Amino acid sequence: MSGVARDQDVDIDLGQLVRAVWARRLRILAITLAGAGVAFTGAKIMSPQYRSETRILIEPRAPAFASTQQVNDAGAGPLMDELNIASQVQLLQSADLLKKVINDLKLYNLPEFDDAANGSAMNSILVKLHLKKNPMENPPEERVIDAFVERLQVYQVPGSRVIGVSFTSKDPKLAAAIPNAMANVYLSTQSGAKLDSNSEATRWLEPEIEGLRRKVSEAEKKVAEYRTSHGLLQTNGTTTFPAQQLNDISAELTRVRGDKANAEARAQAVRNALSSGEASDTLPDIMSSQAIQRLKATESGLQSQISDLQTSLLNNHPRLKSLRAQLADIRTQIRQETQKILTSIENESKVADLRASELERQSDAVQANSARAGEDEVGLNALEREATAQRQLLETYLVRYREAASRADSNSSPADARIVSKAIEPVDPYFPKVVPIVVVAAVATLILSAIVTMLAELFSGRALRPVDVSPETIEAETLVEERDAPQVAPVVAAPRKPAQPSMLAVVGDDDTIEDTEAAEELPEDDNEFSVASVADYLTGSRAPLAIAISPTGDNGSAATVLLTRMLADAGRRVILIDMTGSGYPTELMAEDQAALGVTDLLCGEAAFGDTIHGDRLSDAHLIPQGQSDVRRAMRGVDRLSLLLDALAAAYDLVVVECGSADVAGVSRLTRSRDVEIILSMPEIEETIFVTLMTEFQAAGYERVVLMSGGEGSEQTLGQAA
């Protein structure tokens, strides 16, 4: 029976589910081993199946003697198309190919491919009940093909042009032989198809080539006759004679006109020099005349003599007169020679003009002939186009014919595919895999056994706990826990052992520890300072830290544990730190009484994460007292400030149970923190209460909450009366 009332809201106790599974661990282990044994036996009884695979690459292939252009043309086909690869997959599964493989390997003689002939008793029963069609009604060949197809798998490897052919059989040799045989038959079929295409091409091309040769000969003969009859003779293979003649005349006319213009310009330059009396020594035609050059030399000599004699003779001296006369005669000769050069240049211009006129006349005549030839070339071009088209078609047919004839041999036309991986005889069976089957069966049996155990625990009600927990409910749950698991410490027990000094008391005085009387049990629920009221108060205050003082001993610590669990059940993330001297909160909440705790953390003997544990009866967390020496741990009590900061950032509320601590010890934890002080006194002792209130008020703690028995609202004591 469960300790939960029928009309009470409940929650699932995950800790109880885990404990139930752990308590039945031997039974679950035995069931798991039994399931693994059954799986192992079944896997060993099954007939092993072997699988092997052949892989074929679809790619364009040409004979070794093929030209590069032919290879490129073959590679430009549709072989790269995904639809073509899918078509090859279907071709590998065609009935004709499968029949050829079956006949080549004589598979119809193997019982494996005709199980219907050796039908089992179960199949006979199903057939008689008309639940299954009688396989013997099918022809033997069809039964073999059906069995073959069931064991065959042909697929395209994703993202590639590779086709995989795998086969499963009881015989490992047969599992390797069938994929290889299918690949060979497929390649032979593809190669034969190409040979048939080449043979058909040669048979069709032979008469076509003969007809084209006659047509080409007739067309070229017509071109030659037309060219002769119309005088369309070619000079350099592409240009007719009239056109070439016209081109030559045009070029010559251009040159003659240039010479005429050049001569006229030279003559005009000489005229300008003669008319203006300027020196003509710079003109090219004057400079190139030998006679003028000699006269110029003589003139220069006479001028030099005159200049020399003028220094010693008078101007009327006969010698000077003679020299001046000679100089004038020389200059006259120079002018005459210049005039001759001008006349010669003018004659060149006239000759060029006459030559140009003659060339223009010839050009007109040739143009008339060229116009007539152009009209004749229209018909010639038509004949040439016809002859060229027939010739190109003939050459194309000849190339194709040679290619097809060269591939008439079986070795010259490889299939557009090749085997990239042959099937080999498998060593290990494909099915069954004994180890994976046993492992999966064991894991599945283990999980199912655990689930069944948890469901049984839930249906029995032992894994359910009330949402609104009261002290009486905790006591009832404790009785149930003591009955089902007596090794777990109860939540509340009466009478309690005497109060032990708080761990904080060691900080102040290592020699003097005062004892206090233990309370016998929690107060009644009608107290207005009940645990539920304090829980509601802490939920509303949102304080990150609560310091619980239990001056009456472990019964006050038990109330603090109850407060922590109620906060956790209300959905708050809460953690309790056991700073008592007796370690009673650890005894109530921890699964393992020897768990690492706050003393181990302060002594540096445990990591921070290793000291946080879950409560065995709620979702709250706990940092136990620990196993290290308390006095050595309290030497590092100042490090508790960092511990509380880290916990306050991770939890909604941090509850520190200090036991019978004093104000001095609590102040080392709180200092300037936003903190709630809780006086956990199940039975109020006025003397102790007034003393503690006065001390805490004097120390500056204004928010002091009294937690006693009963159901009521919280009361925050502002000042002690």
Side-chain angles (χ1 to χ4, degrees), residues 489-510 512-519 521-522 531 534 545-565 574-590 592-603 611-613 615-616 620-634 636-637 640 643-644 647 653-670 675-683 688 692 707:
V491 176
V492 179
R496 304 296 182 199
K497 57 185 178 181
Q500 298 294 327
S502 170
M503 293 170 58
L504 297 176
V506 181
V507 181
D509 187 0
D510 292 340
T512 304
I513 301 178
E514 298 181 358
D515 293 337
T516 60
E517 295 183 355
E521 58 183 356
L522 291 174
V531 177
V534 175
L545 178 64
I547 305 296
I549 310 298
S550 302
T552 60
D554 289 343
N555 55 356
S557 299
T560 304
V561 171
L562 178 59
L563 172 65
T564 303
R565 288 174 173 170
V574 60
I575 185 170
L576 186 142
I577 303 176
D578 187 0
M579 296 290 293
T580 63
S582 63
Y584 191 67
T586 301
E587 180 181 353
L588 294 177
M589 300 179 69
D592 184 7
Q593 301 300 320
L596 299 176
V598 64
T599 57
D600 304 303
L601 180 62
L602 294 178
C603 291
T611 61
I612 300 177
H613 307 276
D615 179 20
R616 64 186 183 88
H621 286 174
L622 167 71
I623 297 183
Q625 182 186 37
Q627 303 300 316
S628 299
D629 182 70
V630 176
R631 299 180 186 277
R632 185 162 65 93
M634 288 301 102
V637 71
L640 282 175
L643 171 64
L644 296 177
L647 293 174
L653 179 64
V654 179
V655 179
V656 182
E657 173 55 40
C658 297
S660 58
D662 56 5
V663 178
V666 172
S667 62
R668 299 180 66 89
L669 295 178
T670 59
V675 63
E676 299 285 351
I677 303 297
I678 301 174
L679 298 180
S680 181
M681 301 175 64
E683 294 182 357
I688 299 176
L692 289 175
M707 184 170 66

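Keep in mind that this is a model prediction, so the values were computed, not measured.
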### Query
Is any side-chain heavy atom of I577 closer than 4.5 Å to a side-chain heavy atom of L640?
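Sidechains of L640 and I577: no contact.
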### D615 vs H621 side-chain heavy atoms within contact, under 4.5 Å
no
### Query
Are S550 and E657 close enough, and set up right, to give a side-chain hydrogen bond (donor to acceptor under 3.5 Å, both in side chains), and what steps lead you there?
CA-CA 8 Å; S550 302; E657 173 55 40; 2.7 Å; yes
Can you name the nearest heavy-atom pair linking [X] to [Y], along with the distance?
X    : Y    : result
S680 : T552 : O-OG1, 4.2 Å
R632 : D629 : N-OD2, 2.9 Å
D600 : A595 : OD2-O, 4.4 Å
D578 : P624 : CB-C, 4.0 Å
C603 : S628 : SG-CB, 3.7 Å
T564 : V574 : O-CG1, 3.5 Å

Inter-residue atom distance [X].[atom1] - [Y].[atom2], 0.5 Å rounding:
X    : Y    : atom1 : atom2 : value
I678 : T560 : CD1   : OG1   : 7.0 Å
I623 : L643 : CD1   : CG    : 5.0 Å
L596 : T611 : CG    : OG1   : 7.5 Å
L647 : I612 : CG    : CD1   : 5.5 Å
L588 : D554 : CG    : CG    : 8.0 Å

### Query
After noting the C-alpha distance and the side-chain angles of C658 and I547, does the key distance pass the side-chain contact (heavy atoms from CB on, under 4.5 Å) rule?
CA-CA 7 Å; C658 297; I547 305 296; 3.6 Å; yes
### Task
Output, in order, the C-alpha distance, side-chain angles, deciding distance and verdict of side-chain contact (heavy atoms from CB on, under 4.5 Å) for M589 and R565.
CA-CA 10 Å; M589 300 179 69; R565 288 174 173 170; 3.9 Å; yes
### Pair L644-L545, side-chain contact (heavy atoms from CB on, under 4.5 Å): steps then yes or no
CA-CA 8 Å; L644 296 177; L545 178 64; 4.1 Å; yes
#### Entry: side-chain contact (heavy atoms from CB on, under 4.5 Å) between T599 and Q627, intermediate numbers included
CA-CA 7 Å; T599 57; Q627 303 300 316; 5.7 Å; no
#### Entry: Member of L562, L563, L679, I549 meeting the side chain to side chain contact (heavy atoms under 4.5 Å, CB included) criterion with M707
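Result for side chain to side chain contact (heavy atoms under 4.5 Å, CB included) with M707: L563.
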### Task
Examine distances only and state if a side-chain atom of T586 and a backbone atom of Q625 form a donor-acceptor pair shorter than 3.5 Å.
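Confirmed, T586 side chain pairs with Q625 backbone.
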